[in-house]
There are 2 protein chains.
Amino acid sequence: MRLTTKGRYAVTAMLDLAIHSHCDPISLAEISKRQEISLSYLEQLFSKLRQAELVVSVRGPGGGYKLSRSLDDIFVAQIVDAVNESIDATSCQGKGNCQHGEVCLTHHLWSDLSDQIHHFLSGISLEKLVDRGDVKSISQRQNNVALEDVDHEDLNQSDLRVIQTSHTA
Amino acid sequence: MRLTTKGRYAVTAMLDLAIHSHCDPISLAEISKRQEISLSYLEQLFSKLRQAELVVSVRGPGGGYKLSRSLDDIFVAQIVDAVNESIDATSCQGKGNCQHGEVCLTHHLWSDLSDQIHHFLSGISLEKLVDRGDVKSISQRQNNVALEDVDHEDLNQSDLRVIQTSHTA
DNA sequence: CCAATAACCAAGTAATTTAGTCAACTATAT
DNA sequence: ATATAGTTGACTAAATTACTTGGTTATTGG
């Protein structure tokens, strides 16, 4: 069963994208700053998210990533699936060959658990998350922190503008 | 989120114990043989299971482990908790300090998921598992295999008796 | 009593995975 | 042209898992 920082990072980044994306693509650099996830690591994750057709990329200046479809059509389970190979709790990846080609004693238990988890995460869309009160307030806090960080850095005016518009748009 | 071979082994071993324990304690060597789990590894796991008071040990010849209480009072969640430090899906172990002492954007999602998993596994007792048809048939298969293995080894008559009685009792 | 049994315990280790770095390359907007 | 930002691959440090090794203690049947 794999559900570690990798899957959490992916969902967090996608939720960040969902909150801040309106028309312009969002760069990984912005997500990296707000969610404090290594840029290079985000690149790896978004490579998989793109392969899973959950996001589309726009290259070049002003580029970034956009969600491939509407918020109510992207589910947490899909995101986790895209970066982890599965959220399967069995040792045999559901194949049922855990003990000499046959199922082990607890195979069905883990299979049932996998179904439960998958069902739960499949029911949660990005839209649902974005609409949550706690998510809204946490996002607002992150925006403020991000703006403070900008003050402490030696950025030029255009950098600042990009970050501010993505917050307030 | 930790739910790997470790937790699976622990549950499998406990279920094996539940199936075969009637009055006499069951040695880890027997469980090791039937479930194909390294004996030394089982020792480590049972050390934790004993600390969690899920099993009691009997030392010396004829010794082994017994469940500390009845089958309907031991739940899968307790077993996993005993060997993994938690089945928590959050990155902060539920403390809510995932981002600079405050909750991260997806904290509540993982917290909810943890509750779901815990609730599911808390509802499954060893008794429920033992009563399942698939568990019964798999256990029977394992007994047959264990007996075949005995034939291939150079064991004395008393060894054979111990294993057979534990199967049929 | 004593030897066999089986739990107990600590330390070490190989393999795997995660999380992240580094260095290059490609497409595109200004 | 040049800066931006995605794309890709290889590589690495740290952590964790899944063991192994080598003991020690307690208990029991002979």
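Chain naming here is simple, since letters A, B, ... match the order of the sequence lines and numbering starts at 1 in each.
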From NZ of B:Lys48 across to P of C:dA10 the rounded distance in Å is 13 Å
Can you list everything that forms a side chain to side chain donor-acceptor pair (under 3.5 Å) with B:Ser38? Sequence neighbours excluded, please.
none
OP1, OP2 of D:dA18 versus side-chain N and O of B:Thr4: anything below 4.0 Å?
yes
Please determine, by modelled atom types, if B:Gln35 and A:Gln99 share a side-chain donor-acceptor pair under 3.5 angstrom.
no
Could you state the CG-C1' distance from A:Leu49 to D:dG6, rounded to the nearest angstrom?
14 Å
Before giving the answer on side-chain contact (heavy atoms from CB on, under 4.5 Å), spell out for B:Val80 and B:Lys6 the whole-Å C-alpha distance, their side-chain angles and the decisive distance to 0.1 Å.
CA-CA 8 Å; B:Val80 176; B:Lys6 200 190 218 170; over 6 Å; no
I need a per-nucleotide contact map over nucleotides 20-30 of chain C, read 5' to 3'. Cutoff is protein heavy atoms under 4.0 Å; write B for the base, S for backbone only, - otherwise.
BBB---BBBB-
Out of B:Leu129, B:Leu126, B:Asp131, which residue meets the side-chain contact (heavy atoms from CB on, under 4.5 Å) rule with B:Leu71?
B:Leu126
Atom CZ of A:Phe46 to atom P of D:dT7: distance rounded to whole Å?
10 Å
Check whether any side-chain N or O of A:Ser111 sits under 3.5 Å from a backbone N or O of A:His107 as a donor-acceptor pair, and report yes or no.
no
How is B:Tyr65 classified with respect to the nucleic acid when contacts are heavy atoms under 4.0 Å: base, sugar-phosphate, or nothing?
sugar-phosphate
Rounded to whole angstroms, how far apart are CD1 on A:Ile31 and P on D:dA5?
12 Å
Between A:Gln35 (CD) and C:dA19 (C1'), how many Å, whole number?
17 Å
Report the nucleotide, chosen from D:dT7, C:dC8, C:dT18, that has the shortest atom-to-atom distance to any side-chain atom of B:Arg50.
C:dC8
Indicate whether OP1 or OP2 belonging to D:dT17 is found under 4.0 Å from a side-chain N or O atom of B:Arg8.
no
Expected output: side-chain B:His20 to main-chain B:Asp16 donor-acceptor under 3.5 Å
yes
Hey, does the side chain of B:Ser47 come within less than 4.0 Å of C:dA7's phosphate (OP1/OP2), counting only N and O?
no
Between P on D:dG6 and CD1 on A:Ile26, what's the gap in Å once rounded to a whole number?
10 Å
Between CG of B:Leu42 and C1' of C:dA6 the distance, given in whole Å, is 13 Å
Within residues 49-66 of chain B or reaching into it, pairs that qualify as side chain to side chain donor-acceptor pair (under 3.5 Å) - sequence neighbours excluded:
B:Ser47-B:Gln51
What residues form a salt bridge (Lys or Arg N to Asp or Glu O under 4.0 Å) with A:Asp72, not counting sequence neighbours?
none
Heavy atoms within less than 4.0 Å of DNA chain C: which residues of residues 94-110 of chain B have one? Give them sorted by number.
none
Mind checking side chain to side chain donor-acceptor pair (under 3.5 Å) for B:His118 and listing every partner two or more places apart, or none if nothing turns up?
B:Asp81, B:Ser122
Nearest-Å distance for atom pair CG/P, residues B:Asp24 and C:dA6:
12 Å
